[in-house]
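Read the structure below first, then the notes.
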Amino acid sequence: MATVVKWQGGMAFKGTTESGHDVLMDAAPEVGGENKGARPMEMVLLGLGGCTSIDVMMMLQKSQQDVTDYEVEIASERSDSIPKVFTKIHVHFKVSGHGLNPKKVERAVNLSAEKYCSVSKMLEHSVEMSHDFEIIEV
């Protein structure tokens, strides 16, 4: 896997993935950015959210759960000193649907966090990771 990150002027950069997708990143105005795109550390959280969401939805679909909506909320804490790395990340899964089996949802969430999500597994070596879920019956 490879990417290219190209300067766009100021503190903005366009990242191009090997699969051909572009993402704009920029710094905060207080450090010279123009707020044209996501911050790089936000991209890390987005990567985590996307990775775990793909896992969870694949497992819920395989177990024939009637999911009508899904979202994951990720909260983080960062170090006060430079480098301002993540110190804690909490992932909250919100799964909506008809007659969802709590044990199947819990299993999907736990398997993603503890076994399948590459981003989560990479981060857990340096960040305190936690997760929970809620089921919303519709």
Linking I/L/V/M/F/W/Y whenever their side-chain heavy atoms sit closer than 4.5 Å, directly or via other members, would V91 and F133 fall into one cluster?
-> yes
Do side-chain atoms of Q8 reach the backbone of K6 as a donor and acceptor pair under 3.5 angstrom?
-> yes
At what distance, to the nearest 0.5 angstrom, does NZ of K104 lie from CD of Q64?
-> 7.5 Å
Which pairs count as side-chain hydrogen bond (donor to acceptor under 3.5 Å, both in side chains) when at least one residue sits in residues 25-37, sequence neighbours excluded?
-> N35-R39
Over 12 foreign heavy atoms within 6.0 Å of CG, D132 | yes
M58 side chain near Y116 side chain, heavy-atom distance below 4.5 Å = no
V119 and I89: same hydrophobic cluster, using ILVMFWY side-chain contacts below 4.5 Å?
-> yes
Provide the closest heavy-atom pair for H98 versus E137 in the form atom of the first, atom of the second, distance.
-> CA-OE2, 3.4 Å
Between the CE atom in M11 and the CE atom in M25, the distance rounded to the nearest 0.5 Å is 13.5 Å
Please check if M59 and F93 belong to a single hydrophobic cluster, counting links between Ile, Leu, Val, Met, Phe, Trp and Tyr side chain heavy atoms closer than 4.5 Å.
-> no
So, for Q65 and G99, which heavy atoms are closest and what is the spacing to 0.1 Å?
-> OE1-O, 4.2 Å
Would you name the heavy atoms of L24 and F13 that are closest together and state the gap between them?
-> CD1-O, 3.4 Å
Locate the shortest heavy-atom distance separating A12 from W7; write the atom from each residue and the value.
-> O-CD1, 3.5 Å
Can you measure from CG (L60) to CG (N101) and round to the nearest 0.5 angstrom?
-> 10.0 Å
Count the heavy atoms belonging to other residues, nucleotides or ligands that lie under 6.0 Å from CE of M41, then report whether that count exceeds 12.
-> yes
State, yes or no, whether a side-chain contact exists between H131 and N110 at a heavy-atom distance under 4.5 Å.
-> yes
Taking side chain as C-beta onward, heavy atoms only, is Y70 less than 4.5 Å from V56?
-> yes
Residues clustered with V138, ILVMFWY side-chain links under 4.5 angstrom = I136
Going by atom type alone, with no hydrogens or angles, which donor-acceptor pairs under 3.5 Å involve a side-chain atom of residues 43-52 and a protein atom two or more places apart or on another chain?
from, atom 1, to, atom 2, distance (Å)
T52, OG1, S112, OG, 2.6

Under the 3.5 angstrom rule, does the side chain of S96 hit a backbone N or O of T68 as a donor-acceptor pair?
-> no
Shortest non-hydrogen pair, L123 vs M129, comes out as CB-SD, 4.1 Å
For the pair K121 and E124, find out whether any cationic side-chain nitrogen is under 4.0 Å from an anionic carboxylate oxygen.
-> yes
